[in-house]
Amino acid sequence: GTFTPISVPNSKLGGFLSILDGSYVAVFHNTSMSSVTVDLAELTNVSLTQIVAFAGVENAELNGTLLTIGGQTSVVLK
């Protein structure tokens, strides 16, 4: 598989996109203490439509292409 870093300017949110056998998975980490909302359509042209899992202090929510990740939380999407 391959890994492609995803950075979000001016935030403490980052992650990577991975592909294996034609399937994409993205992992994002919010290292700040506050919730962050980003538009996935501005970060990648890959369609990410489902939260597979999240872990951390808060939760994560996907509404269309808008991803909100709570502070000190990581999320896996496909």
A.B. asks: Do the non-hydrogen side-chain atoms of Val25 and Val76 ever get within less than 4.5 Å of each other?
C.D. replies: yes
A.B. asks: Hey, is the main chain of Gly70 close enough, under 3.5 Å, to the side chain of Asn30 for a donor-acceptor pair?
C.D. replies: yes
A.B. asks: Holding to side chain to side chain contact (heavy atoms under 4.5 Å, CB included), I want the full list of residues that pass it with Ser35, two or more places apart in sequence or in another chain.
C.D. replies: Glu58, Thr68
A.B. asks: Closer than 3.5 angstrom, by distance alone: can the side chain of Ser74 be matched with the main-chain N or O of Ala55 as a donor-acceptor pair?
C.D. replies: no
A.B. asks: State which residues pass side chain to side chain donor-acceptor pair (under 3.5 Å) with Thr65; sequence neighbours excluded, sorted by chain then number.
C.D. replies: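 Partners of Thr65 by the side chain to side chain donor-acceptor pair (under 3.5 Å) criterion, ordered by chain and then number, come out as Asp39.
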A.B. asks: Can you see whether Asp21 engages Ser23 through a side-chain donor-acceptor pair at a distance of less than 3.5 angstrom?
C.D. replies: no
A.B. asks: Ignoring hydrogens and angles, tell me if any N or O in the side chain of Gln72 forms a donor-acceptor pair with the backbone of Thr31 under 3.5 Å.
C.D. replies: yes
A.B. asks: Which pair of heavy atoms, one from Pro9 and one from Ser7, lies closest together, and at what distance?
C.D. replies: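 Heavy atoms only, the tightest pair is CD-O, 3.7 Å.
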A.B. asks: Show which residues join Phe54 in its hydrophobic cluster (side-chain heavy-atom contacts under 4.5 Å, direct or indirect), or state none.
C.D. replies: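 Besides Phe54, the cluster holds Ile6, Val8, Leu13, Leu17, Ile19, Tyr24, Phe28, Val36, Val38, Leu40, Leu43, Val46, Leu48, Ile51, Leu62, Leu67, Ile69, Val75, Leu77.
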A.B. asks: What's the separation between atom NE2 in His29 and atom NZ in Lys12, rounded to the nearest 0.5 Å?
C.D. replies: 15.5 Å
